[in-house]
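Below, each value reflects all heavy atoms present in this structure, side chains not excepted, and no hydrogens, waters or symmetry copies. Everything numeric here is computed off the predicted structure, so don't read it as measured data. Every chain is numbered from 1 and lettered A, B, ... according to where its sequence line falls, protein lines coming before strand lines.
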Amino acid sequence: MNELVWIFVSALLINNFVLAYFLGLCPFLGVSGRLETSFRLGLATTFVLIVTALCAWFLNTYILIHAPYLRLICFIVVIASTVQFIEMAIKKLSPALFKALGIFLPLITTNCAILGLAIFATNRGYNLVEGLIFALGAGAGFTLAMVLMAGLREETELSDVPALMQGTALNLIIAGILSMAFMGFAGLFSST
Amino acid sequence: MWSMNPIRLLKGSFRHGVHPEGHKEQTADLPIQRVPFGSRYVMPLGQHIGAPAKPVVNVGQRLHRGQLIAEPGAFVSTCLHSPVTGRVVSIGPQRHIDGTFTRAIEIEADPFATQQLAPSPGLDWRSLDMVEFIDQVQQAGIVGMGGAAFPAHVKYSIPEGQQIAELLVNGAECEPYLTNDHRLMMERPGALLQGVGILLEKLGAKRATIGVEANKQEAIDILNDHLGPDQPIRVISLPVKYPQGAEKMLIKAVYGKEVPAGQLPRDIGVAVNNVGTVVAIADWFESRMPLIERVVTVSGPGAAYPANLIVPLGTPVREVLRFCGGLRPETREVVMGGPMMGSPIASLDVPVMKGTSGILAFTDSETARPREYPCIRCGRCLEACPYFLNPSRLARLARARMFTEMKAYRVTDCVECGSCTFACPSGIPIVQLIRAAKDNLAHEPRDQGAE
Amino acid sequence: MDMDKNLDTYQEFVKGIWRDNPVFVQVLGMCPMLAVTNSAVNALVMGGATLFVLMGSSFLVAALKQWIPKQVRISLYIIIIATFVTVADYSLLAMLPGVHKELGAFIPLIVANCMILGRQEAFASRHGIRFAVMDAAGMSLGFVLALFSLGSIREILGNGSLFNIPLFGETFEPWVIMILPPGGFITLGLILLFFNWVAARKKAFLEQVAQAERESL
Amino acid sequence: MNQRVELPTANQPSSTRLALSVALAGLISGIAIIGIYEATLPTITANKARQLREAVFKVLPGVSRMQQLGFVDGSLKPVDVPIEDLTLYGGYDNGGRFIGYAIPSDGPGFQDTIALLYGWLPREGRIVGMEILDSRETPGLGDKIYKDAVFVANFSALIPDPDIVTVKKGTRSAPNEVDAITGATISSKAVVRIINEGQARWRGKLPAPGQEPSLPDPAESPEAGPGSG
Amino acid sequence: MSRKDPDLLIQTTPVLRQGLTTPHAMRDVWLSLLPLVLAATWFFGIGALLLLSATIAGALMTEWVFTPEPRRRDVIRDQSGLLTGLLLGLTLPPGLPLWMAFLGGAAAIGLGKIIWGGLGNNLFNPALVGRAFLLGTFPIAMTTWSPAGGPGQLFEIQGSLFALPFQSPVYDAVSSATPLGLMKFEQQSTGLMRLMIGNTGGSLGETSGFLVLLGGLFLLLRRDFDWRIPAAIFASAALFSGLLHLVDPARYPGPLFTLFSGSLLFGAIYMATDPVTSPLSPRGAWIFGIGIGLLVVLIRNFGGLPEGVMYAILLMNAATPLIDRYTQPRVFGRKAGPG
């Protein structure tokens with residue numbers, strides 16, 4: 001139980017996928033301009049992360065144990081097709097949800113956080129429950145970082161940011177300060 | 001029908017707002033004097049909110065005081081009357097308060113006329129039905145005298161199905177320096193109460209409340225003395241706070257109720273009238289005097305001899321000032337109306353109009369704009385805004401020219417009371433930015449799907 | 001391809017290094033850029049692996065483009081890239097186990113580096129082998145350059161060394177944050193700021209020149 | 001890039017052809033991957049085994065041979081494939097005599113999971129060495145858990161009875177106490193906790209002294225069984 | 001007409017302004033900090049003044065160098081750079097080398113202010129950005145606390161202050177621990193009286209609870225900050241630490257220790273209330289403060305660090321735009337706020 005809490009908190013705060021592992025930076029720097037969009041992308045990513053964790057566990061347990069060298073290619077193919085499949089399924093089952101998440105799903109395929117999650121979960125030998133908790137924490141952490149970033153960026157639009165700083169340079173430094181603030185979570189719940 | 005919130009009654013005011021220094025002591029004790037008639041009068045056709053009035057006189061035509069010179073241009077418009085006995089000199093552009101030109105009727109007073117109104121027994125207002133009453137108010141050219149100059153008859157036109165339960169008389173006079181309402185209440189309490197009586201009966205209201213800020217205790221006492229034993233009229237003393245005179249703030253202060261955004265006081269059963277308006281009603285029905293003169297406070301550090309004056313409409317500001325000693329040489333700005341919401345005038349040639357409550361002269365020490373610092377989001381403007389808007393954000397959005405986004409922050413609810421600019425320690429002209437943004441929004445082509 | 005006619009081999013090679021630098025100008029491949037640049041060695045190895053993958057897949061894609069059906073091209077690119085990445089992964093694991101351990105999951109994550117897929121889609125699939133390889137070489141060298149400059153700045157300040165060789169002696173106080181995640185973000189942000197500044201200066205200079213020319217006419 | 005080359009619609013490939021080309025690509029790629037895997041496997045396995053062996057020999061002084069042991073069906077047996085959480089390494093001297101166990105254990109540290117290996121002499125009830133296998137502790141502070149020789153030396157003679165505890169640097173007085181690293185107390189404590197957890201996990205599962213599994217065949221090379229990494 | 005008309009200005013109303021200006025508020029803050037500066041000098045010697053000068057110099061020089069010419073005078077005049085340097089200096093350990101302090105001041109202004117577009121545009125408290133940068137950069141020097149001395153050592157300056165740039169400091173005295181460090185790593189509590197007076201180990205300005213409260217009281221009376229923020233921080237920190245203390249008194253310190261130890265008071269009064277980086281609306285201020293209190297208790301009791309005030313405030317700074325967005329005041333006459 002304690003182990004699970006730590007996995008969750010670690011992925012959410014201490015080793016936040018974006019701010020400590022640098023995963024999912026493309027959407028983090030690219031799509032975080034609007035709060036609404038960021039939140040939805042975060043949710044969609046979390047959903048895909050959870051499905052990926054399931055798939056990764058399944059692949060690891062039943063296929064890759066026999067052919068570890070196929071790991072990468074299996075993961076990437078499975079993730080791409082899962083996202084496609086989810087996209088189609090959502091489109092059919094819930095048009096409203098599709099409208100909310102739809103345009104983000106293709107973006108997620110190229111999000112290295114998804115592949116990263118599968119690889120990390122495998123490297124660390126997580127079982128199914130641990131993998132799911134890890135995915136949940138990572139997704140929540142990604143969403144948290146996205147939403148905070150979007151809030152800050154919307155605010156900077158009203159500021160007189162020097163022309164040289166505008167764009168990615170400022171976003172990276174904001175991310176750096178956020179990452180610095182998240183350093184405060186180091187060691188959380190590990191020292192019992 | 002009326003459930004009043006006891007807590008609100010205890011507090012007796014609206015939330016937020018600011019406390020500028022009153023500066024009323026300069027004129028509060030000065031009785032109203034009449035300005036002698038001059039030679040030239042200018043009556044702009046659009047001195048009220050709504051469509052400009054249409055002239056019914058010709059150049060060269062002789063006029064007697066109180067004669068109709070322009071009729072309403074629409075329903076939301078009202079009549080104009082000649083303030084003097086004299087002759088129409090011209091009908092054409094004249095300098096307006098902001099320095100632009102506007103169509104006006106120029107009248108030359110007859111230097112030999114007595115300028116007295118023919119005595120009249122008044123009008124039997126009790127026999128009038130509602131339509132006739134409203135027509136009479138429009139005939140008298142009466143508008144809201146607090147500053148907005150909104151035609152009064154429009155206010156009294158209650159749509160089918162609505163009922164006025166409460167008549168609220170606005171004697172708050174929250175703008176600093178101004179004492180014209182104060183003096184009017186002190187010197188003409190009878191006329192005021194008479195007007196209240198007329199409105200109570202005609203609007204079918206059950207009760208009238210005269211709301212007066214506590215810094216006008218003499219006025220409150222005098223009104224109370226004049227009240228009969230069982231008249232449904234009460235006088236309430238309100239804590240001093242700006243902008244209490246804004247009608248929705250006053251309603252909140254007196255009844256503890258908020259008028260929903262986009263609605264009018266009558267939608268919650270209240271009719272609000274300035275004391276000047278009520279006195280004008282009484283004058284029309286009791287002595288058939290249309291709105292041809294009003295009380296104006298001349299004050300401010302730049303005024304040589306502050307005064308409360310009865311000024312015939314159309315009198316150039318220069319004449320009014322000359323009557324009370326002119327301007328001090330250090331004067332830098334002359335404002336028509338109050339120091340918070342009034343308008344600076346570009347020339348002393350502009351005339352006193354129906355909505356002119358004051359002529360205030362300011363010197364360098366008031367008009368020097370404070371050095372502007374960046375907004376540090378201290379939140380004082382939020383604490384000042386009586387509409388609970390976020391002026392800090394609105395100003396930032398306005399600076400970034402993100403006008404459409406400002407709509408989401410309810411910029412359209414802003415009444416431009418200026419409390420935010422007053423309160424801002426960084427010297428940011430917040431309300432000015434908001435005004436400019438609202439202008440921009442008003443002139444932009446209607447974009448689809450905004451708001 | 002006829003559009004290759006107006007291409008210049010040298011230009012295609014050089015553009016990726018400076019003018020269209022994938023990191024500093026196009027802001028691509030951020031994840032590995034930041035994650036593995038806490039030392040110059042890691043940065044170089046990562047850069048090398050990326051170079052191998054990009055050049056290999058660009059070559060293959062350009063060579064096979066007639067046989068790649070348009071509808072499934074993305075899937076095929078990914079399969080090609082993933083194959084090269086796996087090859088790089090295992091080779092590094094065999095040859096440089098120490099560095100491989102430090103780079104960890106980021107070697108397989110080269111697959112998700114949008115720069116690589118982007119080059120296939122935007123360039124290799126439309127041009128001849130020679131230009132595709134030149135483009136890939138330029139782009140990956142630009143990437144290596146970016147990784148290396150960030151990696152060496154971070155290592156020099158954060159550890160007082162370059163390629164693990166101490167530079168400042170025993171008493172140097174390392175700036176630990178530089179090799180931690182915030183240091184990566186902030187340093188890259190400052191480098192981009194520097195690039196913006198150079199670009200702005202260059203633009204101002206060119207305008208001045210143009211102005212002078214107009215005046216001399 | 002707007003210079004898209006439009007393929008003529010006439011030669012629109014059939015779905016069979018599409019599937020075939022993907023399958024073909026997959027096949028070629030599979031072959032390539034298997035090729036590189038087979039080519040590098042011996043080196044990789046050897047590397048891993050060497051690393052493991054070095055670590056085991058480091059935490060168990062005097063050991064020159066090792067064997068992977070797993071807790072299967074209630075007893076400790078040599079295993080080829082590691083058993084999750086219940087794998088350790090037996091260390092033997094040149095003559096094949098059992099000396100001690102090298103026990104892997106991991107748990108949360110200050111930043112991320114710390115994985116370590118420690119040497120345990122069951123007969124003497126002593127811990128004789130500790131080696132950090134993997135950690136992401138703060139450079140300059142937390143990384144002293146493996147860079148600071150003084151701290152590592154704490155673990156060369158520890159009697160974990162009762163559980164090991166960290167004490168402030170310089171105040172170590174009992175055989176179950178470890179001097180914490182100044183400024184990196186959390187990392188120091190994490191190492192101690194991870195060892196204590198390892199001890200707790202194996203409590204009651206290790207055979208009585210003298211009955212440890214012996215090397216099946218003294219001639220067999222030490223790197224029996226693939227390393228677990 | 002006997003006299004010429006004056007040249008009339010046409011400036012829109014309101015003509016009147018409230019007297020208070022931003023530099024006034026800034027001056028109030030540094031006035032209220034003076035007792036803390038004196039106390040720091042008393043406890044840690046005149047080295048404290050050197051350290052404060054170094055941070056201020058770092059801050060002001062960075063501000064001067066990176067502000068374009070026309071605005072330079074303004075940014076110096078508004079005193080915010082001075083204040084940032086002073087506040088940063090007061091959060092540093094007394095033995096920190098001066099070059100690090102200078103670098104911290106530069107980072108505070110550079111990363112915390114200039115890149116955002118200057119005063120009013122920054123979204124994180126600049127002083128805390130500088131401190132977080134220093135703590136991440138020099139974790140050892142930033143957590144080596146020299147013991148509080150007395151008047152006898154007033155003119156003794158610690159040698160570590162004069163470490164050469166880029167070189168590690170050498171400490172001459174035995175380092176002490178902060179009350180929080182003692183609590184976290186050795187389960188030793190420090191008496192309330194000492195926490196109030198301030199003769200404990202710790203950052204220059206944070207040790208004396210009494211003087212910090214005094215400064216806060218001054219600012220409160222001058223209405224220079226939003227009282228809700230410190231109130232919410234104190235209430236939530238006291239509440240959450242109190243609950244934990246009830247669960248296990250041996251392990252979790254009680255509310256009083258939580259409030260008076262470390263930089264909670266200093267942070268709550270001087271850092272969290274920075275108007276630029278805290279929410280505008282009253283409701284937002286409450287949420288902001290409660291969040292800080294909660295995070296402080298979380299980090300102190302469950303995290304790896306003994307102190308978490310700085311991180312808690314920075315994290316809530318990051319959340320401020322979101323808080324602001326969802327706590328817009330309800331507009332008069334409407335059911336809900338905008339946004």
Side-chain angles (χ1 to χ4, degrees), chain A residues 15-30 68-77 79-81 84 106 109-124 162-183 186, chain C residues 23-37 74-75 78-90 101 104-118 176-177 180-201:
Chain A
N15 295 301
N16 185 286
F17 257 40
V18 181
L19 298 173
Y21 282 173
F22 304 105
L23 293 173
L25 277 183
C26 298
F28 179 69
L29 295 172
Y69 43 84
L70 287 181
R71 192 176 74 172
L72 183 58
I73 214 151
C74 272
F75 279 160
I76 192 107
V77 167
I79 288 169
S81 37
Q84 279 278 278
T109 321
T110 55
N111 183 342
C112 44
I114 311 288
L115 184 61
L117 177 104
I119 293 172
F120 276 118
T122 316
N123 283 356
R124 296 175 186 177
L164 291 182
M165 277 313 297
Q166 272 164 16
T168 317
L170 180 66
N171 295 340
L172 280 169
I173 291 187
I174 298 178
I177 297 175
L178 263 183
S179 171
M180 229 149 61
F182 268 64
M183 278 169 66
Chain C
V23 178
F24 296 143
V25 180
Q26 303 183 47
V27 203
L28 293 173
M30 282 289 154
C31 310
M33 180 68 199
L34 288 161
V36 302
T37 50
I74 300 286
S75 320
I78 290 180
I79 290 177
I80 292 173
I81 296 169
T83 310
F84 276 104
V85 172
T86 311
V87 170
D89 193 18
Y90 278 111
K101 189 177 153 194
F106 289 96
I107 294 283
L109 280 175
I110 295 176
V111 175
N113 185 337
C114 23
M115 176 188 82
I116 295 178
L117 190 60
V176 177
I177 202 167
L180 297 179
F185 282 119
I186 291 173
T187 314
L188 185 55
L190 293 179
I191 292 180
L192 289 186
L193 177 65
F194 174 73
F195 264 71
N196 290 349
W197 182 73
V198 170
R201 285 291 295 264

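- C/Leu180 touches chain A through its side chain: at least one heavy atom from C-beta onward sits under 4.5 Å away, while N, CA, C and O do not.
- With a threshold of 4.5 angstrom between heavy atoms, A/Leu72 approaches chain C through side-chain atoms but not through N, CA, C or O.
- By the 4.5 Å heavy-atom criterion applied to side chains, C/Leu188 and A/Thr168 are not counted as neighbours.
- Between C/Pro182 and A/Gly176, the shortest heavy-atom distance links the atoms CB-O, 3.6 Å.
- For the pair C/Pro181/A/Met180, no side-chain contact is recorded, criterion being any heavy-atom separation below 4.5 Å from C-beta on.
- In this structure, the portion of C/Tyr90 lying under 4.5 Å from any heavy atom of chain A is its side chain and not its backbone.
- Of the atoms belonging to C/Ala200, it is side-chain heavy atoms, and not backbone ones, that fall under 4.5 Å from chain A.
- With a threshold of 4.5 angstrom between heavy atoms, A/Tyr69 approaches chain C through its backbone and through its side chain.
- Inter-residue side-chain proximity for C/Ile186 and A/Leu172 is flagged as unmet; no heavy-atom pair is nearer than 4.5 Å.
- Considering only heavy atoms from C-beta on, C/Leu190 comes within 4.5 Å of A/Ile173 through its side chain.
- Rounding to the nearest 0.5 angstrom, the gap separating the CG atom in C/Leu34 from the OG atom in A/Ser179 is 10.0 Å.
- Nearest heavy-atom pair across A/Gly24 and C/Cys31 is N-SG, 4.0 Å.
- Between C/Phe106 and A/Phe22, the ring centre distance reaches or exceeds 6.0 Å.
- Heavy atoms of C/Ile177 lying under 4.5 Å from chain A belong exclusively to its side chain.
- Not counting sequence neighbours, C/Thr86 has no partner by the side chain to side chain donor-acceptor pair (under 3.5 Å) test.
- Of all heavy-atom pairs spanning C/Pro108 and A/Leu115, the tightest one is O-CD2, 4.0 Å.
- Both the backbone and the side chain of A/Leu164 come within less than 4.5 Å of a heavy atom of chain C.
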Exercise for the section: Before giving the answer on side chain to side chain contact (heavy atoms under 4.5 Å, CB included), spell out for C/Leu109 and A/Leu23 the whole-Å C-alpha distance, their side-chain angles and the decisive distance to 0.1 Å. Expected result: CA-CA 9 Å; C/Leu109 280 175; A/Leu23 293 173; 3.3 Å; yes
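- Atom CG of C/Leu193 is separated from atom CD of A/Gln166 by 11.5 Å, given to the nearest 0.5 angstrom.
- By the 4.5 Å heavy-atom criterion applied to side chains, C/Phe185 and A/Leu25 are counted as neighbours.
- Only the side chain of A/Leu29 comes within less than 4.5 Å of a heavy atom in chain C; its backbone stays farther off.
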